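Each remark here refers to the structure printed beneath this line.
Keep in mind that this is a model prediction, so the values were computed, not measured. Order of appearance sets the numbers: ligands from 1, and atoms from 1 within every ligand. The figures that follow rest on heavy atoms only: side chains count, while hydrogens, waters and symmetry mates do not.
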Amino acid sequence: MFKKILIANRGEIALRIIRTCREMGIQTVAIYSTADKDSLHVRFADEAVCIGKAQSADSYLNIPHIMAAAEITNADAIHPGYGFLAENAGFAEICAQYNIKFIGPTPDMIRSMGDKMTAKETMIRAGVPVIPGSENLLQSVAEAKQLAKDMGYPIILKATAGGGGKGMRVVWHEEEIEKAYDTAKAEAAASFKNDGIYMEKFVEEPRHIEIQVAGDQYGTVCHMSERDCSIQRRHQKLVEESPSPFITPELRQKMGEAAIKAASAINYESVGTIEFLVDKHRNFYFMEMNTRIQVEHGVTEEVISFDLIKEQIKIAAGVPISGKNYEPKMHAIECRINAEDPYNDFRPSPGTITVLHTPGGHGIRVDSHIYAGYTIPPYYDSMIAKVIAIAQTREEAISTMERALSEYVIEGVKTTIPFHIQLMRNEQFREGNFTTKFIETFELK
Ligand code: MV4
């Protein structure tokens, strides 16, 4: 097992990783930017190294500085968390060159899923259902026009280097395709330095349901059931839950098997997530694979009673997994609490937290790095806490969540708590009757 892990991240996920390391008897090294000198991850780690200025490019994305910190502290592994360098194949490669274990998949695995068209081709070969569309990157607007005509509108154009919604264009009529093609290509080139785009049939009002998987270094892969992440706003997830109110045990088994096929196709090593779109007829299609631990991993941990960070560290250290699949034994719902003003277009609201009371009690888990007196810097993601409610049924989990959110006091900055309270009281949400379009029509009072 590793003796010392450097955590190349900040905020709640850095704390989350430090906690599991403690339980495993592994020493921890925090890295931090000048803006994070008073952060809890710095205080909770055994050692801490300042690696640069506030801007991410100068610190949490500064590979030479991070490698220097790992060298001087003699860390034998690096945990990247999520975001920042978690899906950077070049970083994983440099870790290998330094003989420091990157706690995640190999650079090849990251690359093969980072290019969405390649990922899709891999899934077709593996027999995993994908959304009907172009078999290759589009070569011309004429080709796009012909393909769209054959397939029927609406269609969607996606950047092969994209994911998470960037560089996408939905096209409803032939008259719009030329402009959409040009803007999608230009946006892809500007955002990713890769202007490759492809086409898919547009699935209207789908659900976003993802399957957690784990694979070890010896080819064993298992799944840990689904998370429903359909409640999103501008491609940012707001609420995640497991089990999905839309999924039957039969569908869970089918999607679980497809997810195992998907991960096995690249001999996946580490924990990861297969994202599916599910249409109203309960047809499911592979969308993307996330080759990292995700923000919402805690939802799965709570419904199967299993530490995913511990599993990820063990896999990286070469420990084999059992290969057993997991089914939800409880219901868990997570609300992401952001320092944003939900009454003002979710505008970021950084600043100092003056008063704080954190909820607790039966069925509540709060993963957060905030404290009274903490100043939320303006440079990073605005998520400041994740509240997870756990109960035997969905109805009870919603009631527990509503109770916990009503207890939560955060003063000094605006937060998304009022939004979540209203969502928990919404009839449609309570019925489990929602798609990825739900938030567009949800009005905050
Ligand atoms: C789609 C789609 C409908 N049809 N693809 C959004 C993020 C990226 N991962 C892919 N996305 C979508 N791809 C086809 N063929 C609808 C979306 C989509 C979406 C997906 C999941 C969750 C929220 C979403 C919000 C808008 C669009």
Side-chain angles (χ1 to χ4, degrees), residues 82-83 87 113-121 123-124 128-138 144 147-148 150-172 176-177 180-181 184 187-188 191-192 194 196-211 226-242 244-247 255 259 262 272-292 294-296 299 334 336 346 423 429 434-442:
Y82 52 69
E87 289 172 289
M113 289 298 153
D115 186 275
K116 305 305 168 190
M117 191 74 238
T118 308
K120 219 176 148 178
E121 285 163 10
M123 292 309 139
I124 294 168
V128 178
V130 301
I131 304 166
S134 61
E135 282 168 24
N136 291 293
L137 295 180
L138 299 170
L147 208 58
D150 296 346
M151 214 154 49
Y153 288 88
I155 59 99
I156 185 168
L157 300 172
K158 294 183 176 182
T160 191
K166 242 184 167 183
M168 291 187 345
R169 281 289 179 287
V170 180
V171 188
W172 295 88
E176 303 157 3
I177 197 162
Y181 181 89
E187 201 173 307
S191 308
F192 315 113
N194 175 349
I197 57 171
Y198 62 100
M199 185 187 296
E200 283 179 349
K201 181 81 192 158
F202 181 63
V203 181
E204 293 181 59
E205 305 198 24
R207 284 166 176 80
H208 171 133
I209 299 175
E210 56 188 33
I211 305 275
E226 80 279 6
R227 292 182 291 259
D228 193 318
C229 307
S230 300
I231 305 286
Q232 308 197 356
R233 184 182 175 275
R234 299 188 184 165
H235 304 298
Q236 292 290 328
K237 292 170 186 166
L238 299 168
V239 174
E240 304 97 348
E241 66 177 298
S242 183
S244 164
F246 193 64
I247 292 263
M255 290 178 70
T273 299
I274 315 294
E275 291 186 358
F276 291 102
L277 268 191
V278 183
D279 72 14
K280 58 173 177 269
H281 309 294
R282 292 194 168 78
N283 297 309
F284 63 89
Y285 308 96
F286 169 88
M287 198 163 46
E288 295 176 14
M289 178 171 189
N290 299 322
T291 57
R292 60 170 189 276
Q294 285 183 272
V295 172
E296 61 270 29
V299 168
E334 172 174 272
R336 296 191 187 191
F346 289 77
L423 180 62
F429 177 76
F434 52 81
T435 71
T436 54
K437 265 182 93 81
F438 176 73
I439 292 302
E440 283 179 32
T441 57
F442 182 79

Under a 4.0 Å N-O cut-off, is there an ion pair linking Glu226 with Arg207? no
Give the single entry among Met287, Lys158, Lys201 that approaches atom 5 (N) of ligand 1 most closely by any heavy atom. Lys158
Which residue and atom name correspond to the protein heavy atom nearest atom 7 (C) of ligand 1, and how close is it? Gly165 N, 3.4 Å
Using a strict cut-off of less than 4.0 Å between a Lys/Arg side-chain nitrogen and an Asp/Glu carboxylate oxygen, indicate whether Lys280 and Glu205 qualify as a salt bridge. no
Can you tell me if Thr291 and Glu87 form a side-chain donor-acceptor pair at under 3.5 Å? yes
Contact between ligand 1 and Lys437 is defined here as a heavy atom of the residue under 4.0 Å from a ligand atom; is it met? no
Under 4.0 Å from a heavy atom of Glu200: which atoms of ligand 1 are those, numbered in the order shown and with their elements? 5 (N), 14 (C), 15 (N)
Look only at interatomic distance and state if Thr436 has a nitrogen or oxygen under 3.5 Å from any nitrogen or oxygen of ligand 1. no
Geometry only, no angles: is Phe202 polar-contacting ligand 1 at N/O separations under 3.5 Å? no
Can you see whether Thr273 engages Asn290 through a side-chain donor-acceptor pair at a distance of less than 3.5 angstrom? no
Over 12 non-hydrogen atoms of neighbours within 6.0 angstrom of CD in Glu176: yes
For atom 4 (N) of ligand 1, which protein heavy atom lies nearest, and how many Å away is it? Val203 N, 2.9 Å
Ring-plane angle category for Phe434 and Phe429, please: parallel below 30°, perpendicular beyond 60°, tilted otherwise. parallel
Test of proximity, His208 against ligand 1: N or O pairs below 3.5 Å: no
N/O separation below 3.5 Å, His235 to ligand 1: no
Which of these passes side-chain contact (heavy atoms from CB on, under 4.5 Å) with Arg227: His208, Gln294, Glu241? Gln294
Starting at CE of Met287, measure out to OH of Tyr285 and round the result to the nearest 0.5 Å. 13.0 Å
Check this for me, if you would: do Glu296 and Arg336 make a salt bridge, where the nitrogen-to-carboxylate-oxygen distance has to be below 4.0 angstrom? yes
Ligand 1 atoms in contact with Glu288 (distance to a heavy atom under 4.0 Å): 8 (C), 9 (N)
Determine, using heavy atoms of Glu204 and all atoms of ligand 1, whether some pair is separated by less than 4.0 Å. no
Which residue and non-hydrogen atom of the protein lie closest to atom 2 (C) of ligand 1, and at what distance in Å? Leu277 CD1, 3.6 Å
Shortest protein heavy-atom distance from atom 11 (N) of ligand 1, along with the residue and atom involved: Met168 SD, 3.6 Å
